[in-house]
Visitor: 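First the structure, then my questions, so here it is.
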Amino acid sequence: MDPLIIKAIFLGTLRDPILWILCAVLGWQTDRPLHKLLWMLVAGGLFFGLFRGLVYRYGFDEALTGDTFGMVIASATLLTIAGGMAVFGLRSAWLARGKAQETVGKGESQVARTRPVRADAPRKRRNDDRARKRRS
């Protein structure tokens, strides 16, 4: 296979905004187990690659052979996995850094000024709204 074709496929996949949206959406949730994230990224990359190959074949009338079509799918899958894992790792590190700074920077006086969260707050608001409607 010609290295120029491989480079064009790789760079074309890299420039596609669907790749970045897919990576951001799948990699953003940090409480998801890693194996589930990997399976979702593989599935998303395969669907994205298949869609991209079909657009090349039927939308742009490119004569894609089997190995070129496979290269489109493989590049989309690999880039989706790499991008999604990068988003997942960066977001996890960002959240961990924020939690560490939050606990270190708080003084005793700031903790004393915060109000505890009441578990029955939504129910009280709901009852107040109902009472307001009955009075009207």
Visitor: Tell me which pairs pass side chain to side chain donor-acceptor pair (under 3.5 Å) where either residue lies in residues 77-86, with sequence neighbours left out.
Guide: none
Visitor: Indicate, with yes or no, if Val87 and Trp94 share a hydrophobic cluster defined by side-chain heavy-atom contacts under 4.5 Å among Ile, Leu, Val, Met, Phe, Trp and Tyr.
Guide: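 No, it is not one cluster - the side chains of Trp94 and Val87 are not joined through contacts under 4.5 Å.
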Visitor: Show which side-chain atoms of residues 16-25 pair as donor or acceptor with protein atoms under 3.5 Å away, not counting sequence neighbours.
Guide:
from  : atom 1 : to    : atom 2 : distance (Å)
Asp16 : OD1    : Ile18 : N      : 3.2
Asp16 : OD2    : Arg52 : NH1    : 2.9
Trp20 : NE1    : Leu14 : O      : 2.8

Visitor: In a table with atom names and distances, give each donor-acceptor pair under 3.5 Å that connects a side chain of residues 30-50 to protein atoms at least two apart or in another chain.
Guide:
from  : atom 1 : to    : atom 2 : distance (Å)
Asp31 : OD1    : Gln29 : NE2    : 2.9
Arg32 : NH1    : Leu26 : O      : 2.7
Arg32 : NH2    : Gln29 : OE1    : 2.6

Visitor: Cluster partners of Leu4, using ILVMFWY side-chain heavy atoms under 4.5 angstrom, listed by chain and number?
Guide: none
Visitor: Do Val55 and Val72 land in one hydrophobic cluster if side-chain heavy atoms of ILVMFWY residues count as linked below 4.5 Å?
Guide: yes
Visitor: Identify whether Met85 and Trp28 are in the same connected component of the hydrophobic contact network (ILVMFWY, side-chain heavy atoms under 4.5 Å).
Guide: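 Different clusters.
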Visitor: Quick check on the hydrophobic clustering: are Leu11 and Ile73 connected, directly or via other members, by side-chain heavy-atom contacts under 4.5 Å?
Guide: yes
Visitor: Using the salt bridge (Lys or Arg N to Asp or Glu O under 4.0 Å) rule, collect all pairs that involve residues 5-15, keeping only residues at least two apart or in two chains.
Guide: none
Visitor: To check you understand the geometry: which heavy-atom pair defines the closest contact between Leu79 and Phe10, and what is its length?
Guide: CD2-CE1, 3.6 Å
